[in-house]
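Below: one structure, written as structure tokens.
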Amino acid sequence: GVVLARFGLWMFDLTVTQLLQETVLETERGVIGGVQSSLNNLFDMLHFILVIVLPNPETFWFLILVSIFFVFFGAVMYFSYTYRILGSSLHIDKILQCCGRSYIPLWRRNTGLSSHPSTTPVDSEPSTSTNPI
């Protein structure tokens, strides 16, 4: 279990590094990296403080709940990021592509939309409605 957890942590760290390198401008990488490092150290210190304050086995359940909360919060933040950037959180299209199948997102089915609903299609005509607002 510990080996798999370490492997997952290593893969997550590589993913974060790749996302930062692909999405952050070179001139801002130092600032973003510094803030990330500071937040990592802050939460590491919070972890040590909680272990010092709650050392008894009877209070271990609280530490487990805090850990589960932060893992869940991280997953929600990642999925919200991928949904905002890619329009999908689970990358179903890429998974099915490996199997030789195609995937049409729910928001595209039977609607004729050519892009994500939050964006305007590039090839569409401008609206000619006379909305006073």
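Residues take their numbers from the sequence shown, with the count starting at 1.
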(request) Return the minimal non-hydrogen interatomic distance between Arg29 and Leu20, and the atom names on each side. (result)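 Heavy-atom minimum between the residues: NE-O, 4.1 Å.
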(request) State, to 0.1 Å, how close Leu50 and Leu63 come at their nearest heavy-atom pair, and which atoms those are. (result)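 Closest pair (atom of Leu50, atom of Leu63, distance): CB-CD2, 3.7 Å.
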(request) Could you give me the CA-CA distance, side-chain angles and deciding distance for Leu19 and Thr15, then say whether side-chain contact (heavy atoms from CB on, under 4.5 Å) is met? (result) CA-CA 6 Å; Leu19 284 173; Thr15 304; 4.2 Å; yes
Transitively linked via ILVMFWY side-chain contacts under 4.5 Å: [X] with [Y]?
X: Leu4; Y: Leu14; answer: no
X: Met11; Y: Phe79; answer: no
X: Tyr81; Y: Ile32; answer: no
X: Phe70; Y: Val16; answer: no

(request) Go through Trp10 and Arg6 one step at a time and tell me if the side-chain contact (heavy atoms from CB on, under 4.5 Å) criterion holds. (result) CA-CA 6 Å; Trp10 182 66; Arg6 288 288 129 189; over 6 Å; no
(request) Go through the steps to decide whether Val35 and Leu39 satisfy the test side-chain contact (heavy atoms from CB on, under 4.5 Å), and finish with yes or no. (result) CA-CA 6 Å; Val35 170; Leu39 288 173; 4.1 Å; yes
(message) With heavy-atom distances below 4.5 Å as the criterion, would you say the side chains of Phe62 and Val53 are in contact?
(response)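 Heavy-atom side-chain distance check fails, nothing below 4.5 Å.
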(message) What I'd like to find out is whether the side chain of Phe73 reaches to under 4.5 Å of the side chain of Met77, using heavy atoms alone.
(response)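 Yes, at least one pair of side-chain atoms sits under 4.5 Å.
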(message) Walk me through whether Asp44 and Phe48 qualify under side-chain contact (heavy atoms from CB on, under 4.5 Å).
(response) CA-CA 6 Å; Asp44 204 24; Phe48 292 136; 3.6 Å; yes
(request) Run through Val71, Ile64, Val66 and flag the one making a side-chain contact (heavy atoms from CB on, under 4.5 Å) with Ile68. (result)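 Single side-chain contact (heavy atoms from CB on, under 4.5 Å) partner of Ile68 among Val71, Ile64, Val66: Ile64.
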(message) Please report the interatomic distance CH2(Trp61) to CG(Leu54), rounded to the nearest 0.5 Å.
(response)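 The distance works out to 9.0 Å.
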(request) Step through it carefully: locate the ring centre of Tyr78, locate the ring centre of Phe12, and say whether they are under 6.0 Å apart. (result)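 No - the distance between ring centres of Tyr78 and Phe12 does not fall below the 6.0 Å cut-off.
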(request) Examine distances only and state if a side-chain atom of Asp13 and a backbone atom of Leu9 form a donor-acceptor pair shorter than 3.5 Å. (result)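 Not confirmed, Asp13 side chain does not pair with Leu9 backbone.
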